[in-house]
Amino acid sequence: MDLLIDVILRAGRSAVELSFFVLLPVMVVMLSLMRLLEARGVLDWVVARLSPLLRPVGLTGLGIFAALQINFVSFAAPVATLAMMDQRGASSRHIAATLAMVMAMAQANVSMPMAALGLNFGLVLGWSLVGGLAAAATTYYGFGRRLPATEQPMDEILHHPVAESAKGVLDVINRAGAEAFKIALGAIPMLVLSLTVVLALRRMGALDALTGLLSPLLLGIGADPGLILPTLTKYLAGGTAMMGIMDEMIRAGSSSATTLNGVAAGLLIHPLDVPGVAVLISAGRRVAQVWKPAALGAGVGILVRMVGHGLTG
């Protein structure tokens with residue numbers, strides 16, 4: 001019992017430190033910046049200029065908003081945009097392409113805080129954009145080509161608060177801060193649970209046994225055996241839980257920033273996992289209907305990112 005209590009307390013301490021001293025400060029600053037740019041109309045201007053260029057890969061104006069949201073806000077931010085696409089009459093083919101892009105891109109609530117652990121955020125962002133576009137195009141012209149392509153005339157503007165005065169700016173910052181706090185606070189339960197399980201398995205020697213069992217196979221294909229634990233955690237418990245595991249591994253010296261910036265950046269930093277898919281497909285009925293072709297397209301985009309990071313990391 002003493003061993004279990006010690007594991008729980010250690011996991012809780014690590015989870016709180018990661019949430020409030022790494023995730024929260026980064027998200028407050030970046031969300032405030034993003035919301036201010038949004039309120040000032042800068043993002044509207046960017047979307048208007050990029051829409052004609054990205055339509056050939058299956059993305060509409062709202063799809064571009066979703067790309068900005070996943071890369072600079074959090075993995076859950078595009079849910080509202082996907083819901084609007086569903087409600088405003090976007091074609092299922094465009095919805096699938098947008099969902100695939102979101103699933104293949106790096107979510108800001110993981111990539112930004114992990115910059116404090118040594119992750120090269122600029123490189124991750126660059127390959128995130130490449131992988132996302134590859135996923136969208138592959139889905140639009142490949143896996144989702146048989147989906148209905150007819151759509152109704154729709155408003156492609158994402159309506160949001162406008163900041164035209166000092167008070168308006170302060171309101172935007174306050175809302176962004178509250179949103180960041182909600183993200184950080186919501187991450188704690190999953191972090192505590194995942195870290196408790198991992199630390200308990202490590203104390204019992206199960207992780208060492210699993211690593212020893214799979215290491216020859218992974219070394220044979222040129223993969224790092226140290227990625228077994230974060231990979232299992234990521235795909236079962238989500239990106240935030242994986243971030244907690246990587247933080248613990250780096251502190252313990254069993255992983256490093258070099259590993260983090262290699263193939264792992266493409267393999268682990270995206271919302272194509274059980275919790276991520278569940279949240280994203282909650283956006284609407286038609287979004288849920290196209291998750292299979294979208295997931296296949298996202299897989300292609302993630303593979304592109306892995307190869308890119310392997311070559312440049």
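Only this structure's heavy atoms are used, side chains among them; waters, hydrogens and symmetry mates stay out.
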Starting at CD1 of I245, measure out to OG1 of T240 and round the result to the nearest 0.5 Å.
12.0 Å
In chain order, what residues pass the side chain to side chain donor-acceptor pair (under 3.5 Å) check against R10, with sequence neighbours excluded?
E248
Would you say Y140 and V57 make side-chain contact, with heavy atoms under 4.5 Å?
no
Check: M101 and T98 side chains under 4.5 Å, non-hydrogen atoms:
yes
Can you list the residues that meet the side chain to side chain donor-acceptor pair (under 3.5 Å) rule with S128, with sequence neighbours excluded?
N71
Here the gap from D86 atom CG to L99 atom CG, rounded to the nearest 0.5 Å, amounts to 11.5 Å
Pairs where residues 265-279 contributes a residue and the test side chain to side chain donor-acceptor pair (under 3.5 Å) is met, not counting sequence neighbours
K234-D273, Y235-H270
Of all heavy-atom pairs linking G297 and A100, the shortest is C-CB, 4.4 Å
Is it the case that one hydrophobic cluster holds both V110 and I250, taking links as side-chain heavy atoms less than 4.5 Å apart, direct or via other members?
yes
With a 4.5 Å limit on heavy-atom distance, are the side chains of Y141 and R93 in contact?
yes
Do V300 and V307 sit in the same hydrophobic cluster, where Ile, Leu, Val, Met, Phe, Trp and Tyr count as joined when their side-chain heavy atoms come under 4.5 Å apart?
no
Is it the case that one hydrophobic cluster holds both F143 and I281, taking links as side-chain heavy atoms less than 4.5 Å apart, direct or via other members?
no
Residue pairs, two or more places apart or on separate chains, that pass ring pair (Phe, Tyr, Trp, His ring centres under 6.0 Å) and touch residues 171-196
none
Is it the case that more than 12 heavy atoms not belonging to R146 sit under 6.0 Å from its CZ atom?
no
Tell me, please, which residues at least two apart from D6 pass side chain to side chain donor-acceptor pair (under 3.5 Å).
R203
What's the shortest heavy-atom distance between S92 and L147, and which atoms?
O-CD1, 3.9 Å
Heavy-atom closest contact (M103 atom, V277 atom, distance)
CE-CG2, 4.0 Å
Side chain proximity check, V287 to M85, heavy atoms < 4.5 angstrom:
no
Smallest heavy-atom separation, L59 atom then A136 atom, equals CD2-CB, 3.9 Å
Would L129 and M105 satisfy side chain to side chain contact (heavy atoms under 4.5 Å, CB included), going step by step from the backbone distance to the final call?
CA-CA 7 Å; L129 295 173; M105 284 182 154; 3.9 Å; yes
Tell me, please, which residues at least two apart from N120 pass side chain to side chain donor-acceptor pair (under 3.5 Å).
none
Considering non-hydrogen atoms only, spot the tightest contact between L82 and A283 and give its length.
CB-CB, 3.7 Å
Grab the two heavy atoms, one from A104 and one from A298, that are nearest each other, plus how far apart they are.
CB-O, 3.7 Å
salt_bridge(D247, R251) N-O dist < 4.0 Å
yes
Is the shortest side-chain heavy-atom distance between L260 and L117 below 4.5 Å?
yes
Nearest 0.5 Å, what's the CZ-CD1 distance between R305 and I269?
6.5 Å
Is the shortest side-chain heavy-atom distance between L267 and I302 below 4.5 Å?
no
Criterion side chain to side chain contact (heavy atoms under 4.5 Å, CB included) on T231 and L268, from CA distance to verdict:
CA-CA 7 Å; T231 301; L268 300 177; 3.6 Å; yes
Heavy-atom side-chain proximity of V124 to H309 below 4.5 angstrom
yes
Does M243 belong to the same Ile/Leu/Val/Met/Phe/Trp/Tyr cluster as L24, with side-chain heavy atoms less than 4.5 Å apart forming each link?
no
Verify same cluster id: V28, F75 (apolar side-chain graph, 4.5 Å):
no
With rounding to the nearest 0.5 Å, note down the distance linking CG in L170 to CZ in R175.
10.0 Å
Approximate separation, where rounding is to 0.5 Å, of F20 CZ and I188 CD1:
4.0 Å
Output the distance between atom CE (M112) and atom CG (L125), rounded to the nearest 0.5 Å.
8.0 Å
Close side-chain approach of R55 and H94, heavy atoms under 4.5 Å
yes
S282 side chain vs V279 backbone, donor-acceptor pair below 3.5 Å:
yes
